[in-house]
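So that the names make sense, note that chain A is the first sequence line, chain B the second, and so on, each numbered from 1. All figures in this text were calculated on a predicted structure; none of them were measured in a lab. FYI, side chains are in, hydrogens and waters are out, and symmetry mates aren't considered; it's all heavy atoms of this structure.
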Amino acid sequence: METKKEQLEEKPLLNFIEAKIEEDLKLGKNNGIVYTRFPPEPNGYLHIGHAKSICLNFGIAKKYHGKTNIRFDDTNPVKEDVEYVDSIKEDVKWLGFDWAGEYYASDYFDQLYLWAEQLIKEGKAYVDDSSQEEISKNRGVPTSPGIESPYRNRSVEENLTLFRKMKAGEFADGQCVLRAKIDMASPNMHMRDPIMYRILHAHHHRTGNKWCIYPMYDYAHGQSDSIEGITHSICTLEFEVHRPLYDWFCEALHIHHPQQIEFARLNINYTVMSKRKLLQLVKENYVSGWDDPRMPTICGLRRRGYTPESIRNFAETIGVAKRENVIDISLLEFCVREDLNKRALRTMAVLDPVKLIIDNYPDNQTEMMDAVNNPEDISAGTRKVPFGKELWIERADFMENPPKNFFRMTIGKEVRLKYAYIVQCTSVDKDEQGNITAIHCQYLPETKSGMAESNRKVKGTIHWVSAAHCKEAEVRLFDRLFAVPDPDNVEEGHTFLENLNPDSLKIQTAYIEPNFLDTKPLTKYQFERIGYFCIDKDSTTDKLVFNRTVALKDSWAKGK
RNA sequence: UGACCAAUGGUGUAAUGGUAGCACUACAGUUUUUGGUACUGUCUGUCUAGGUUCGAAUCCUGGUUGGUCAACCA
């Protein structure tokens with residue numbers, strides 16, 4: 001452990017973005033300042049892919065003693081909503097990050113408009129009356145040049161008049177647009193006179209009805225970065241072809257020019273990451289909502305029982321690079337187990353119960369057994385667990401005709417009831433169909449935990465709850481949402497929905513220890529030998545509801 | 001038949017001209033009152049063909065493969 005840490009400190013491993021930043025720092029760029037931003041569009045909930053970006057942007061700023069803004073890219077009023085800005089802020093905070101400034105692209109609409117007039121005056125932008133179809137057609141295709149618009153060479157005065165009329169609301173939606181005059185023959189489609197402003201008579205969640213023209217992403221994003229003094233504008237790979245345009249606007253306007261750096265977005269197998277598809281899962285009720293614990297959204301993971309630390313550690317572990325990647329879901333699961341192992345209090349719960357009767361144990365006797373709350377953290381203390389003649393144990397912890405490597409309960413062999421006694425199984429009761437209805441055993445009184453005889457070597461230890469004292473709880477057992485590693489990979493005429501896992505949710509009634517339960521939603525437990533669970537928000541005083549975050553590793557189940 | 005980007009074990013990610021390392025996964029073992037945790041070990045890798053060099057995963061050229069770009073979306 002110590003040596004690992006030392007190695008990391010001696011030789012810090014930089015991702016390619018950090019390497020670039022250190023180079024800039026060495027060169028004295030930006031006066032030694034590092035300023036990043038996280039720029040979501042408020043049109044959906046944040047998912048684990050955004051978490052990667054958030055951890056990257058905030059992490060880098062922290063590492064180089066800089067700052068990070070949150071900026072909502074709200075240039076398209078038809079798609080955006082305050083519901084989303086609220087959830088986004090909540091999720092970023094929950095992940096553990098504080099932004100230096102909270103801004104909106106719409107804060108800059110006035111400045112953007114002024115800059116547009118400036119570009120018109122310099123002959124670098126023009127109003128185009130072409131229809132959407134014409135513009136699209138004349139743009140050409142990547143392999144052959146486009147055709148210049150017939151309106152491309154209007155006079156500055158005419159363009160200015162027209163643009164002001166656009167702003168004044170004298171035109172209908174779609175009647176004309178403002179375009180940058182760049183190069184219709186560029187091999188980069190984004191440089192073929194990109195649209196700067198379109199007419200949208202729509203109500204904006206922040207600017208209300210002040211505007212009926214709205215800037216496009218390419219015209220707004222770089223300048224917003226510039227206004228905020230961002231030094232490194234980190235975005236995903238698909239914006240790589242936009243970079244020449246990002247640079248063009250900053251140069252044409254002679255404003256502070258942040259450096260755009262692109263990295264590969266996160267993909268995880270057995271799930272989907274596109275906002276559109278996540279929205280569809282919610283809208284068409286394939287899941288219960290954005291925070292359904294099976295969703296890869298931040299709020300879904302939170303409800304599932306993931307901790308901010310585990311997600312941050314995941315983001316750190318997957319690294320940052322430019323190549324397309326698909327992360328194995330087992331890495332995410334590893335990260336949450338690693339974290340929960342250290343902090344989750346243990347309790348015993350039986351999910352698939354069968355009655356165990358200790359025939360030689362006194363009727364109506366109850367003993368309080370000492371149990372350790374967290375073996376990884378002695379300061380978590382101990383608790384008392386009631387024990388009696390009749391217990392519930394897991395059906396899978398008994399086998400009548402076991403294979404050689406079965407360590408649990410079987411007739412004639414000894415097994416330890418955790419924190420209690422060693423018992424020896426004697427017989428089973430069965431119904432007419434041959435199903436086991438109860439298991440009988442004898443306990444060895446001198447093997448109670450803590451007594452000398454309890455140190456005896458026993459191959460297996462199983463968990464239990466007292467039938468007379470236990471509580472009932474609903475447990476929701478989640479599995480991966482999709483049945484195949486790459487749900488998006490579907491044949492013509494099929495959709496990703498067909499790859500949904502029909503068994504992604506199983507609901508069971510469990511019997512659980514009565515003591516020490518904190519029933520506040522999101523409280524995390526390890527059900528011993530089963531997995532990590534947390535209290536769901538649906539939980540009430542009458543009815544406990546647990547979500548399974550992730551099962552414990554089970555090398556026994558694997559070997560079968 | 002364009003431009004841009006990328007290619008390192010099963011999955012990710014380092015090595016910045018000098019011994020291909022780390023994590024996850026898988027498998028094997030030690031410890032264990034959780035078949036968990038912890039610890040130890042094993043398997044598996046530089047897309048390809050040339051070139052530069054004493055030396056190439058790294059630099060150059062060609063090829064191959066994958067990704068992105070033709071919304072008045074971001």
Side-chain angles (χ1 to χ4, degrees), chain A residues 1 4 7-8 11 13-16 19 39-41 43 73-76 78-80 105 128 131-132 135-137 139-146 173-179 186-192 195-200 214 216-218 220-221 235-244 262 264 269 275 317-335 337-338 341-342 346 348 371-372 375-376 405-408 416-420 422 449 454-455 457-463 526-531 551-559:
Chain A
M1 203 69 181
K4 264 186 202 167
Q7 276 168 10
L8 282 173
K11 210 177 164 191
L13 298 176
L14 303 180
N15 63 50
F16 80 102
E41 183 189 12
N43 70 343
D73 241 330
D74 55 352
T75 55
N76 186 359
V78 262
K79 286 190 180 174
E80 295 148 8
D128 193 341
S131 70
Q132 193 164 160
I135 289 177
S136 168
K137 200 182 79 198
R139 188 151 28 218
V141 293
T143 51
S144 63
D173 285 5
Q175 207 173 113
C176 52
V177 291
L178 184 71
R179 289 230 255 172
S186 170
N188 183 338
M189 297 297 288
H190 298 279
M191 299 300 274
R192 321 247 264 225
I195 291 168
M196 294 164 59
Y197 272 94
R198 77 285 214 188
I199 300 171
L200 244 33
Y214 290 94
M216 299 287 290
Y217 165 84
D218 283 307
H221 194 87
C235 61
T236 46
L237 243 33
E238 66 268 28
F239 293 99
E240 207 154 23
V241 282
H242 293 245
R243 180 155 29 98
E262 311 85 10
N269 57 17
K275 272 192 200 174
T317 307
I318 58 177
V320 181
K322 295 195 75 160
R323 102 181 87 163
E324 297 289 332
N325 61 84
V326 182
I327 305 290
D328 205 313
I329 186 79
S330 64
L331 182 60
L332 220 207
E333 294 174 343
F334 166 81
C335 289
R337 279 195 198 105
E338 185 186 42
N341 177 50
K342 287 180 295 191
R346 317 284 131 128
M348 292 192 284
V372 173
E376 306 294 319
N405 59 348
F406 185 77
F407 302 156
R408 281 110 98 148
R416 185 191 304 278
L417 297 175
K418 184 150 185 164
Y419 300 132
I422 294 171
S449 290
S454 72
N455 294 327
K457 286 285 172 208
V458 183
K459 202 75 168 153
T461 299
I462 64 174
H463 63 278
Q526 184 198 98
F527 290 178
E528 295 232 24
R529 302 208 306 133
I530 308 276
L552 249 33
K553 280 219 270 183
D554 188 350
S555 54
W556 162 247
K558 220 179 265 173

For [X], answer base if it contacts any base atom (sugar-phosphate contacts may also be present), sugar-phosphate if it contacts only those atoms, and nothing otherwise; contact means non-hydrogen atoms under 4.0 Å.
{"X": "S131(A)", "answer": "base"}
{"X": "E528(A)", "answer": "base"}
{"X": "S449(A)", "answer": "base"}
{"X": "F407(A)", "answer": "base"}
{"X": "V320(A)", "answer": "sugar-phosphate"}
{"X": "P375(A)", "answer": "base"}
{"X": "F406(A)", "answer": "base"}

Can you see if the side chain of R198(A) gets near the phosphate of A74(B) - specifically, an N or O under 4.0 Å from OP1 or OP2? yes
I want to check one thing: is the phosphate of A26(B), taken as OP1 and OP2, less than 4.0 Å away from some side-chain N or O of K558(A)? yes
Counting heavy atoms from C-beta on, name the nucleotide in [options] closest to the side chain of [X].
{"X": "S330(A)", "options": "A23(B), G2(B), C24(B)", "value": "C24(B)"}
{"X": "T461(A)", "options": "U37(B), A23(B), U34(B)", "value": "U34(B)"}
{"X": "N325(A)", "options": "A6(B), U34(B), U13(B)", "value": "U13(B)"}
{"X": "A19(A)", "options": "G36(B), C72(B), U16(B)", "value": "U16(B)"}
{"X": "T75(A)", "options": "G36(B), A74(B), U33(B)", "value": "A74(B)"}

Pairwise 5' ranking along RNA chain B for C176(A) and I327(A), keeping only the more 5' one: I327(A)
When you measure only distances, ignoring hydrogens and angles, does the side chain of [X] come within 3.5 Å of the base of [N] through a donor and an acceptor?
{"X": "Q526(A)", "N": "U34(B)", "result": "yes"}
{"X": "R337(A)", "N": "U37(B)", "result": "no"}
{"X": "R529(A)", "N": "G35(B)", "result": "no"}

By a 5.5 angstrom centroid cut-off and a 30 degree plane limit, is there stacking between Y217(A) and A74(B)? no
Where do N or O atoms of nucleotides 46-48 of chain B meet protein N or O atoms at under 3.5 Å, pair by pair?
none

Does L237(A) reach the side chain of K322(A), with side-chain heavy atoms less than 4.5 Å apart? yes
Polar atom pairs (N or O), protein with nucleotides 67-71 of chain B, under 3.5 Å:
unit_1, atom_1, unit_2, atom_2, d
G67(B), O2', E324(A), OE2, 2.8
C69(B), O2', H190(A), NE2, 3.0

Stem segments of RNA chain B by first residue number [Watson-Crick or G-U, under 3.5 Å, at least 3]: B:2-7 with B:64-69, B:10-13 with B:21-24, B:26-30 with B:38-42, B:47-51 with B:59-63
If you take all heavy atoms of M216(A) and I195(A), which pair is closest and at what distance? CG-O, 3.2 Å
Could you go through E41(A) and K79(A), starting from their C-alpha distance and side-chain angles, then the distance that decides it, and tell me whether this counts as salt bridge (Lys or Arg N to Asp or Glu O under 4.0 Å)? CA-CA 9 Å; E41(A) 183 189 12; K79(A) 286 190 180 174; 5.8 Å; no
A14(B) glycosidic conformation (syn if within 90° of 0, otherwise anti) is anti
